[in-house]
Student: 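Here's a structure for you.
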Number of protein chains: 2
Amino acid sequence: MRPEDAAAIRDLPLFSDAQEETFGDLVRAGFLQRFPPGVVLINERDPADFLHVVVEGLVEMFATGSGRDTTISIVRPVGTFILAAVLNDQVYLQSARTLEKSQVLMIPAERVRVALGTDPAFARAVVTELARGYRRAIKEVKNQKLRTGAERLANWLLKEDVAQGASGVVNLGFEKRVLSSLLGMTPENLSRAFSTLREHGVTIHGAQMRLTDRQALERLAQPDPLIDSDE
Amino acid sequence: MRPEDAAAIRDLPLFSDAQEETFGDLVRAGFLQRFPPGVVLINERDPADFLHVVVEGLVEMFATGSGRDTTISIVRPVGTFILAAVLNDQVYLQSARTLEKSQVLMIPAERVRVALGTDPAFARAVVTELARGYRRAIKEVKNQKLRTGAERLANWLLKEDVAQGASGVVNLGFEKRVLSSLLGMTPENLSRAFSTLREHGVTIHGAQMRLTDRQALERLAQPDPLIDSDE
DNA sequence: GCTCTGACTTGATAAATGTCAATTGACTGA
DNA sequence: TCAGTCAATTGACATTTATCAAGTCAGAGC
């Protein structure tokens, strides 16, 4: 593992307060693997044997059921999955698939549970991270139940613009069909939602969107920090 | 507080492994209050000053946005809300309202955070509870995104029947409009969904439903333990 | 440069769900 | 017993979203 990768992992709030020994143990026990795009890393229903850390690339968390599938979230570097399954030693509720070439550190679940028991600072960080995960999930339930598809798209664009430097330009970074799945709609419907947004301050250029009238977009989106703010 | 209430709270997985002193501190610091039905106990956006324990009654967790509102969950005795907001000292993402006459113990948030830092057994229980909360929320995201309204109703009935003793009779326990909100649909649509289920093994008698052909209902519902099992 | 493939867009139609209004039934209070 | 209120049901219609099909475009491979 390159030193800068270890440093980036160390900087994650989950690990930043852990004792040096704890962090060293976790990272040394982990396997760092490279994967090409399109590889399924874990399957829902699998036992949670590893805590995965996305060091480089992009990973889609998804789930299937009733003959349908849906994207639950996109994990960027440096991000982890799935802490709750690892800590409670239960099966994964989601599958994960690389969207682009990725590097993933796989830390054995047992080592994470041991660290939880021996390092109080790490335990506190785990609590904070689990609470943040819960709050993000509640925000998503609200996003799905309280908003139409076009509203979810509008809010996603506003949020993503801020995440990408608030320049008024949003680069998608993955295929539109993944975005449609994340937002809870079909690819055709996402296309129609983008068409709707053309009249509300957005222009579309392939995988890049420009927010040309932010206030018009916000009027449609009605952003709410209790749904849209970062955790 | 009646001894049997304290015993019931003690039996909650969150508290059952806490040291006697920790548990005593938390309970003594709490205010036990009685509320009539229809009372809002907390509002979303409020600072999380208390961990609430529903000792008796029934509490609806709900949220509003875009001029709409939705029921996120129903808390029965003995259940708590909202641990994640208390631990991370952040605003509530949900509001709570009594559905019937209720007794609620309100434990100051600071005391919970102190207990987290001093009692390792309690801290482990907190981790487990936060992980369960996260997993429940992910199951709800899947429920909302992967299923139609009638499928959600069918699965709710199957699950609730088991929770009520698997007798084939489900007593709603609150108004149907609350159930419609919980399932993510309008009251009219719930009514239509119940009509649909009449042809799939369910008969409706006011607030009581009978499952007359469980297999027919399961064929429509397609229950999935990764969505429907208890956490 | 050409062909093929897959993502995306668009059109038409179907299904699911929401909105609005009217009616019915149960419950409460006088 | 009657009147009023509220929840629920049902009907009609509107909106949102899904499905299916056809066409377009960009990119990859030869």
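Letters A, B, ... mirror the listed sequences (proteins, then strands); counts begin at 1. What you see below is based on every heavy atom in this structure, not just the backbone, and it leaves out hydrogens, waters and symmetry mates.
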Student: Roughly how far, to the nearest 0.5 Å, is CG of A/Leu157 from CZ of A/Arg210?
Tutor: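 Between atom CZ of A/Arg210 and atom CG of A/Leu157 there are 13.5 Å.
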Student: Quiz question: by atom type and distance under 3.5 Å, do the side chains of A/Arg192 and A/Ser195 form a donor-acceptor pair?
Tutor: no
Student: Which nucleotide of DNA chain D is the first, and which the last, in the 5' to 3' direction, to come under 4.0 Å of a heavy atom belonging to chain B?
Tutor: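 Counting from the 5' end, contacts occupy D/dA7 to D/dA12.
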Student: To the nearest 0.5 Å, tell me how far B/Asn171 CG sits from B/Gln208 CD.
Tutor: 5.0 Å
Student: Hey, are A/Arg136 and A/Glu231 close enough for a salt bridge, meaning a charged N less than 4.0 Å from a carboxylate O?
Tutor: no
Student: To the nearest Å, give me how far apart NE2 (B/His205) and P (C/dA26) are.
Tutor: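 My rounded result for the distance is 14 Å.
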Student: What is the distance from CG of A/Leu179 to P of C/dA7, rounded to the nearest Å?
Tutor: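 Interatomic distance, CG of A/Leu179 to P of C/dA7: 15 Å.
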Student: Applying side-chain hydrogen bond (donor to acceptor under 3.5 Å, both in side chains), can you list everything that pairs with B/Asn189, at least two apart in sequence or on another chain?
Tutor: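 With neighbours one apart ignored, the set is empty.
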Student: A/Gln144: what forms a side-chain hydrogen bond (donor to acceptor under 3.5 Å, both in side chains) with it, not counting sequence neighbours?
Tutor: A/Glu140
Student: Answer yes or no: is there a donor N or O on one side and an acceptor on the other, between the side chain of A/Asn88 and the main chain of A/Gln90, under 3.5 Å?
Tutor: no
Student: Nearest 0.5 Å, please: how far is CG in A/Leu183 from NZ in A/Lys176?
Tutor: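 CG of A/Leu183 is found 12.5 Å from NZ of A/Lys176.
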Student: Can you tell me how far P of C/dG18 sits from CZ of A/Arg147, to the nearest Å?
Tutor: 17 Å
Student: Take the C1' atoms of the five end pairs on each side of the helix from C/dG1-D/dC30 to C/dA30-D/dT1, derive the two axes, and give their angle rounded to 10 degrees.
Tutor: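 Rounded value for the end-axis angle: 40°.
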Student: Assign the ring pair B/Phe81 / B/His52 to parallel, tilted or perpendicular, where the plane angle (0 to 90°) is split at 30° and 60°.
Tutor: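 The rings of B/Phe81 and B/His52 lie parallel, inter-plane angle below 30°.
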Student: Between B/Arg177 and A/Arg152, just flag the one whose closest nucleotide in DNA chain D comes earlier from the 5' side.
Tutor: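 Going by which nucleotide is closer to the 5' end, it is B/Arg177.
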Student: Between B/Ser102 and B/Glu56, do the side chains contain a donor N or O and an acceptor N or O under 3.5 Å apart?
Tutor: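 There is no such pair (donor and acceptor under 3.5 Å, judged by atom type) between the side chains of B/Glu56 and B/Ser102.
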Student: Round to the nearest Å and state the distance from A/Phe174 atom CZ to C/dC8 atom P.
Tutor: 11 Å
Student: Give, ordered by number, those residues of residues 181-203 of chain A having at least one heavy-atom distance below 4.0 Å to an atom of DNA chain C; if nothing qualifies, reply none.
Tutor: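 Under 4.0 Å from DNA chain C: A/Glu188, A/Ser191, A/Arg192, A/Ser195.
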Student: Return the value, rounded to whole Å, for the distance between atom CG of B/Leu172 and atom P of C/dA26.
Tutor: 17 Å
Student: Take the protein atom CG of B/Leu146 and the nucleotide atom C1' of C/dA16, then report the distance between them rounded to whole Å.
Tutor: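 One finds 16 Å between C1' of C/dA16 and CG of B/Leu146, rounded.
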Student: Taking side-chain hydrogen bond (donor to acceptor under 3.5 Å, both in side chains) as the test, write out the residues that go with A/Ser181, two or more places apart.
Tutor: A/Thr71
